[in-house]
2 protein chains.
Amino acid sequence: MARPKFGQIHSGPSGAGIERGEMVLPRAAKTQRRTRIQEQKEERILEAALEVFSAHGFRGSTIDQIAEVAGMSKPNLLYYFRTKEAMHRALIDRVLDTWLDPLRELDAEGNPVAEIRSYIRRKLELARDFPRESRLFANEILQGAPHIEDELKGPLKQLVDEKAEVIRAWAKAGKIAKCDPYHLIFAIWSTTQHYADFDVQVRAVLGQEHAGEGRFEDAARFLERLFVDGLQVRE
Amino acid sequence: MARPKFGQIHSGPSGAGIERGEMVLPRAAKTQRRTRIQEQKEERILEAALEVFSAHGFRGSTIDQIAEVAGMSKPNLLYYFRTKEAMHRALIDRVLDTWLDPLRELDAEGNPVAEIRSYIRRKLELARDFPRESRLFANEILQGAPHIEDELKGPLKQLVDEKAEVIRAWAKAGKIAKCDPYHLIFAIWSTTQHYADFDVQVRAVLGQEHAGEGRFEDAARFLERLFVDGLQVRE
DNA sequence: TGATAATTTGACCGGTTGGTAAACATTACA
DNA sequence: TGTAATGTTTACCAACCGGTCAAATTATCA
């Protein structure tokens with residue numbers, strides 16, 4: 001009994017030596033390393049949480065819903081994540097990185113038009129293959145980003161600043177048309193994510209006949225052409 | 001006593017002869033026409049509801065919040081709108097029309113490039129001047145449009161189909177580049193609404209120095225150029 | 001195997017939320 | 001002015017929701 005055990009005793013944010021980073025771990029982890037069962041369960045919970053949060057937003061989701069989707073009892077979820085917010089937080093942290101990967105890959109040394117073209121394609125593939133992740137962010141930002149303000153002003157802004165500089169350099173070198181790089185990035189974000197975030201509207205407008213995945217092909221063709229032609233230098 | 005009065009008696013959706021259309025009206029409206037006080041109060045409520053719903057989504061909003069913003073008591077709100085959903089519904093119905101106005105104004109007889117250019121500008125002005133309305137829709141659609149599916153598949157699709165045909169005709173006549181008109185419309189929607197719906201992100205990325213309204217000017221310049229150059233016929 | 005730690009569950013709790021009941025106040029109008 | 005219709009408020013309720021507790025069950029390993 002060198003330490004008091006802190007099994008279920010965590011009623012309050014000041015848990016006597018419990019550090020912020022450990023919060024995600026189950027409370028009774030004396031062994032320090034995560035067992036296989038922990039990883040599996042946390043995985044299942046986060047998968048379920050993604051399903052629910054992305055569809056209803058943070059406040060619109062209940063722990064019971066997540067528990068049902070995960071096939072576990074509510075207290076069992078709360079054994080792995082102490083609060084609803086901890087689940088959401090873990091989800092955002094995990095997703096943010098992969099969500100920004102396409103922008104990271106924008107290569108200053110590559111051919112500018114080809115780089116932008118494949119950036120668009122990668123973003124569109126993300127929207128097609130991971131719409132829930134996209135909607136998770138959209139929900140969050142739409143409601144004022146109450147949980148991720150720091151990430152936006154920190155790492156996100158930093159990355160965008162960096163890549164904006166790359167684009168500005170391309171423009172200055174005459175390789176693409178002069179344009180505001182920030183608004184170019186916004187335009188690529190919005191047009192591509194639109195197909196994930198506003199999927200219901202897109203489907204409704206396109207109608208039954210375009211119910212398949214063909215709309216992503218059409219969108220890719222249209223967007224690549226729009227941005228390439230719109231940015232090409234002429235005269 | 002020809003009719004039973006139905007003051008507060010509406011516990012249940014089958015209100016003995018109460019028609020769908022009347023639901024929005026206060027329950028005791030025997031006079032059929034709306035008094036000035038009714039109009040004023042409903043106006044105040046909808047204004048408050050817009051403020052709250054657009055910021056937190058439907059499930060994230062509470063009647064108490066709306067009541068506080070409106071400066072009324074909760075039961076008083078429920079005197080004018082029988083349920084939270086009725087408020088939301090009335091709000092959507094009212095906003096949908098004005099939100100689609102810019103697209104309606106797209107004139108088949110006008111100069112194609114000029115028409116598209118001013119469509120973009122009008123949409124951007126809407127995003128700047130009515131961001132709450134934009135976010136209200138965004139919230140709704142993001143969460144699967146549970147309340148407005150019919151409007152999307154009906155009036156909205158109809159309008160878009162009509163205008164898509166106009167754009168297609170322009171392309172066929174060689175006045176603009178050949179492109180998928182539906183995805184063009186999606187692209188204009190998404191890029192412009194982005195500045196309302198993702199305002200927090202835009203501000204975070206642009207940083208303090210662009211805190212003013214100047215970003216809308218920059219966006220207008222960028223988008224007009226992007227679409228005009230991207231759609232111009234060349235060769 | 002047996003003891004200890006890790007996991008799971010049913011019952012429960014306090015606060016919130018959508019909505020109601022009924023009394024009270026005000027307005028419109030004959 | 002009187003009275004019926006309209007508008008407003010206080011008190012309240014049942015369902016829901018995030019989270020806790022204690023007890024039960026299962027995995028781990030000396």
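Everything numeric here is computed off the predicted structure, so don't read it as measured data. Letters A, B, ... are given to chains in the order of the sequence lines, protein chains preceding strands, and every chain is numbered from 1.
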Specify the separation, in whole Å, of atom [atom1] of [X] and atom [atom2] of [N].
X: A:His56; N: D:dG18; atom1: NE2; atom2: P; value: 12 Å
X: A:Leu78; N: C:dA11; atom1: CG; atom2: C1'; value: 15 Å
X: A:Ile66; N: D:dC16; atom1: CD1; atom2: C1'; value: 15 Å
X: A:Glu39; N: C:dT7; atom1: CD; atom2: C1'; value: 16 Å
X: B:Ile63; N: C:dG18; atom1: CD1; atom2: P; value: 5 Å
X: A:Gln40; N: C:dT7; atom1: CD; atom2: C1'; value: 13 Å
X: B:Leu77; N: C:dT17; atom1: CG; atom2: P; value: 14 Å
X: A:Met87; N: D:dG18; atom1: CE; atom2: P; value: 9 Å

Hey, can you pull the donor-acceptor pairs under 3.5 Å for the side chains in residues 68-78 of chain A, sequence neighbours left out?
residue, atom, partner, partner atom, Å
A:Ser73, OG, A:Asn76, N, 3.4

task = For A:Gln201 and B:Ile141, indicate whether the former's side chain and the latter's backbone hold a donor-acceptor pair under 3.5 Å.
result = no
ask   = What orientation do A:His194 and A:Phe198 show, parallel under 30°, tilted 30 to 60°, or perpendicular over 60°?
value =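 Parallel, since the angle between the ring planes stays under 30°.
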request  = Quick one: sort the B:Tyr195 and B:Phe216 rings into parallel, tilted or perpendicular, breaks at 30° and 60°.
outcome  = tilted
message = Regarding A:Thr62, tell me which of base, sugar-phosphate or nothing describes its non-hydrogen contacts under 4.0 Å with the strands shown.
response = sugar-phosphate
Between [options], which one does the side chain of [X] approach most closely?
X: B:Lys74; options: D:dT9, C:dG19, C:dA6; result: C:dG19
X: B:Lys84; options: D:dG19, C:dT9, C:dG19; result: C:dG19
X: A:Gln38; options: C:dT8, C:dA6, D:dG19; result: C:dA6
X: A:Tyr79; options: C:dT17, C:dG19, C:dA6; result: C:dA6
X: A:Pro75; options: D:dT20, C:dT20, D:dG7; result: D:dT20
X: B:Asp64; options: D:dG18, C:dG18, C:dT7; result: C:dG18

request  = Examine D:dT8: is either OP1 or OP2 under 4.0 Å from a nitrogen or oxygen in the side chain of B:Tyr80? Give yes or no.
outcome  = yes
query = Is the shortest side-chain N/O distance from B:Ser73 to OP1 or OP2 of D:dT8 below 4.0 Å?
reply =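 No, B:Ser73 has no side-chain N/O under 4.0 Å of OP1/OP2 on D:dT8.
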inquiry  = Checking side chain to side chain donor-acceptor pair (under 3.5 Å) between A:Asp161 and each of A:Lys157, A:Lys163, A:Gln158, which is the one that passes?
reply    = A:Lys157
5' precedence on DNA chain C between A:Asn76 and A:Arg59 (nearest-nucleotide basis) = A:Asn76
